[in-house]
Amino acid sequence: MLVQVDEPEKPALAIRLIDGEIAALARAISVIERDTPNAIGILRAIRPHLGQAVVVGFTGPPGAGKSTLVNAFVAEMRKRGKTIGVVAVDPSSPISGGAVLGDRIRMAEHTMDDGVFIRSLASRGALGGLSAAAAQVADLMDAAGRDVVVLETVGAGQSEVEMASIADVRIVISAPGLGDDVQAIKAGILEVADILVVNKADQPLANRTKRQLEAMLALRAPTQHKVPVLSTDAIERQGISELADAIEATAARNEKRSDRSALAGRTRHLLAQAVSQAAETHTLQSQSDAIEAIILAVQEAQISLSDAARQVLNTIHKELND
Amino acid sequence: MSLTATIPARVLVTKIGLDGHDRGSRIIAAYLRDAGMEVIYTNPWQKIEAVVTLALEEDVDVIGISSLATDHLLVPKLMIALAKAGLGHVRVVVGGIVPDQDEADLLAAGVSMVFHPGAVRDDIVSAVEKFAVAATNDRPQD
Amino acid sequence: MNKVDKIASIDASSADWERNYDKMIGQDRVVKNRSGIEIKPLYWPENDTDGTYEEKLGFPGADPMTRGIYPTMHRGRTWSQRQLIGLGRPVDFNERIKSILKSGSSALSIIPCNSVYRGIDCDEVEPEILGTCGTILNTVEDMDISLKDIPLDEISIGLNDPNPFTMLVQMLIVAENRGISWDKITGTSNQSDYISHFVANHMFYRLSLSGSRRVQMDAVEYLAEHVPNWNALSIVGQHMQQAGGTPAQAMGLTLSTAIQFGNDCIERGMDPEKFLERFTFFFDISISFFEEVAKFRAGRRIWNNLVVERFGVSNPRAKRFKFHAQTSGLDLTRQQPLNNIARVTAQAMAGIFGGLQSMHTDGYDEVLSTPTPESAKIAISTQNILKHEAHLCDVVDPLGGSYYVESLTDTMEEEILKVIAQIDEQGGMYKAVEKGFVQEMLGASALEFQDQIDNGEQLIVGVNAYQEEEDASARPVLKRPTAEHMQAQVDRLKEVKAARDPEALAKGLQDLRDAARSEDINVFAAEIDAVRAGATLGEIVKVLREELGFGQPLVVA
């Protein structure tokens, strides 16, 4: 429990959210997503109530059956008496900025269950596919009293790495027949996964995929704990109970994301993301002469990109102080 | 276009009643996405209570009901349920096969607009954008 | 002039024509049909290296069947006029059937209420949406009233009756009660194609994919033995095309589904020489006139070859590509609805020239509501005018030999075969739809076609061209079943349910459950017994959903 500090009055929305009101949670998520001025008040108000939930991240390539697996996992956790919050993230179109968010299609059975709260988010231009808001939405669900928060995202870009800093338990899903099976598990993922799942266990090549993954894991330097490779058939609901057991075991073992050192690292990471996004936006939109000059210098190969970047940061610093 | 330069409108595209054709709703979802909106897309046969729950959890600005046959006759019930759940600010549009004799009833029940076969993409998109802005303005202050 | 000289002479003349054409046309446009095939401005006899007349066309009723499945086709027996009928109460439906039969229709097609499609009895449906699009058929009594005074042993009946086929069961029991032996019953289970429901027309999709397959195969087996003149399997291309598939895709996917069902039947130990005789198809006819003619001719030729290649049949009746077709409601407009009469005429002609065996023509008010009796009459008259006044039945395959139509038949065949190959690569149609492969294909085509309309590449009279201000009040007013009538129907259902022998009913439903759980008991046979014991549509579907899985279509965003 964090130390009580004298705080300004809590926003009514935060109070209702902490109280478990569903409408309040939904509206608070919007406040965070829209980053309106009262967002910070809500984040401050929920801080004492964080740390109860286990955040489980699921990622994997399209076609691995991620949503179906999450749906089955949610059903299993409900059977175990837990309440759930699901954050389902889908990519925004880089061209239009819009998105079709279809993860709820696979989770229709939980719509009318008050014990399952589902929110669909678009990545909104976040490079890795996980918007900065996703971490804060997970916090809101935590503060709202959900026992388990599921974060579901497509394995694109660096989303697995981003997931690593947000989730307590990191699951990477693959399935046989997705082109080159092992290629689907990109380098670096094995470093951050707590559990690997091979879904569609009913398919003939599933065992081969499992063995390949186990072989790859064996090549790594030994870590404190062996990463299990589990087989599931999400449609037939096989292997789900074992998955839930493995997740609960990992959660008990891992450092909670809300523990001090983990929190500091994660916050730094989120800050870095926010900084780069702000710098990116400023650079793309600025019409200042200074920045135009830098662009020209790069075009004419007068300075390197990395030097130019430092100059731009300097310029932004000046422009922000003006 | 979005509500502001950076906040996309959120639209729920769904079906109630008995029909199961989804060609129309897929096309509408694509239109809205290409116009910069976020579309929460569901399976058909949603009960009224489920649509309310979806609208609540996803905090949408607009609900688009795709209707064939006579499923639109259930929409007035939806309007009442939305109001009861504190979602009166959410705008509802209906698209599909709606006989003229029913269109007036739907509008009287609070539906913002009815789109018929042959409706033009730009008209649909600009109407939904307009309704999303109106919904945002009418949201309870948080 | 010998042949070589003749060809050389045509080549020279065609070069002349091309030159003159280019001079006159100015800015020409590229024309592509809906299947993406580029259409030239003119077709003429070119060096034909692809096969002789016998190889590519043949004669009607003989390999490769391009020109028709029977020697006589419509000159001998015109297509069945199978108009869809469905009205709220069984008694209203019965009245409508009788009037349609009087005006010349020779076959029936029954449409149940949407609630029936969803597998729900009328006492569990919101009253506003009950009986508005079709007839309520929850019990044997409902079916009996619907078919009062209709000679079941003389009329061919198409049942729009998805898995688990309760309408067929009800009808068989009605026949039994009337003393009509089942071998006299003819007709088709029009909606037995659960794959097309999973992919496209989800309303018909009641049980899980594997559950649907199980019940479908049980039904096919049972019917082959006990109702031998019934077409248990109708493979539906209409849903694929209406979900957005191009005509070539719709045909390719449908044939792939037929291959899947054929393999499923063989796995059950059935003989393709026998069961293929009972395969029928159901297609959409769009207004892309020549494309549709070519689609049907190509499909017929491909099927003829495919059943020999894949199933090794030699029975000529097993090679026949029998199909029912319906003019496509998607081409009809809400704007200036009377124009739809012209559209339906063009679509019907394409179907006739394509060689269909049975047809439904849409009413002009199709896009406004369920058709009124007046518009239904015009739809039938359209067929009769084409038959008797335009003399479209006097010659078999009258467009055969047209340079354009034969060339297009060939290119459509290529496109269709490409789709079949893609599905083969996915492991067959069942696997392809499980993965969502087909759904993606259809969605992409739907968007592409919509783009063409949005961009004005495809003009539609009254919609994005030749628009007019219209008087909404001039549009026909729908009659819907009255609330009292529907309440009476619900009350009657409650009465019928209360009057059943509860023990017999419980046993019937338990036996059905046991059949579903076992792998050896025929579920369809158990269903017949359960309905004999008084089980309603809703009760049957509920049990089967519990045992075999609820049908959740794979919706692709």
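Below, chain A is the first sequence line, B the second, and so on; all start at residue 1.
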(request) Would you kindly say whether B:Asp59 and A:Ser30 are connected by a side-chain donor-acceptor distance under 3.5 Å? (result)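 Checked: B:Asp59/A:Ser30 side chains pair up, N/O donor to acceptor below 3.5 Å.
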
(message) Has B:Glu57 got a side-chain atom pairing as donor or acceptor with A:Ile118's backbone, closer than 3.5 angstrom?
(response) yes

What is the distance from atom [atom1] of [X] to atom [atom2] of [Y], rounded to the nearest 0.5 Å?
X: A:Met112; Y: B:Gln46; atom1: CE; atom2: CD; result: 9.5 Å
X: B:Ile40; Y: A:Ile105; atom1: CD1; atom2: CD1; result: 11.5 Å
X: B:Thr53; Y: A:Phe117; atom1: OG1; atom2: CZ; result: 10.5 Å
X: B:Glu38; Y: A:Leu121; atom1: CD; atom2: CG; result: 8.0 Å

Pairs of heavy atoms under 4.5 Å with chain B: top-ranked of [options]:
options: A:Ser93, A:Ala23, A:Ala12, A:Ala28; result: A:Ala23
options: A:Ser120, A:Gly97, A:Ala26; result: A:Ser120
options: A:Leu101, A:Ile29, A:Val31; result: A:Leu101

(request) With A:Val100 as reference, evaluate B:Arg26, B:Met37, B:Arg33 under the side chain to side chain contact (heavy atoms under 4.5 Å, CB included) test and give the passing residue. (result)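 Single side chain to side chain contact (heavy atoms under 4.5 Å, CB included) partner of A:Val100 among B:Arg26, B:Met37, B:Arg33: B:Arg33.
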
(message) So for B:Thr42, is it side chain, backbone, both, or neither that comes closer than 4.5 Å to the heavy atoms of chain A?
(response)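 B:Thr42 touches chain A through backbone heavy atoms alone.
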
(message) Would you say that more than 12 heavy atoms from the other residues, nucleotides or ligands in this model lie under 6.0 Å from the NZ of B:Lys77, or not?
(response) yes

(request) Answer yes or no: are there more than 12 heavy-atom neighbours, outside A:Ile18 itself, under 6.0 Å from its atom CD1? (result)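 Above 12, so yes.
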
(message) As a quick check of understanding, evaluate side-chain contact (heavy atoms from CB on, under 4.5 Å) for A:Arg34 and B:Thr136, giving each step before the final call.
(response) CA-CA 12 Å; A:Arg34 290 160 186 231; B:Thr136 304; 3.7 Å; yes

(message) Within the 4.5 Å heavy-atom criterion, are A:Arg27 and B:Arg139 side-chain neighbours or not?
(response) yes

(request) Check each atom of A:Val116 against the heavy atoms of chain B and say whether the ones under 4.5 Å are side chain, backbone, both or neither. (result) backbone

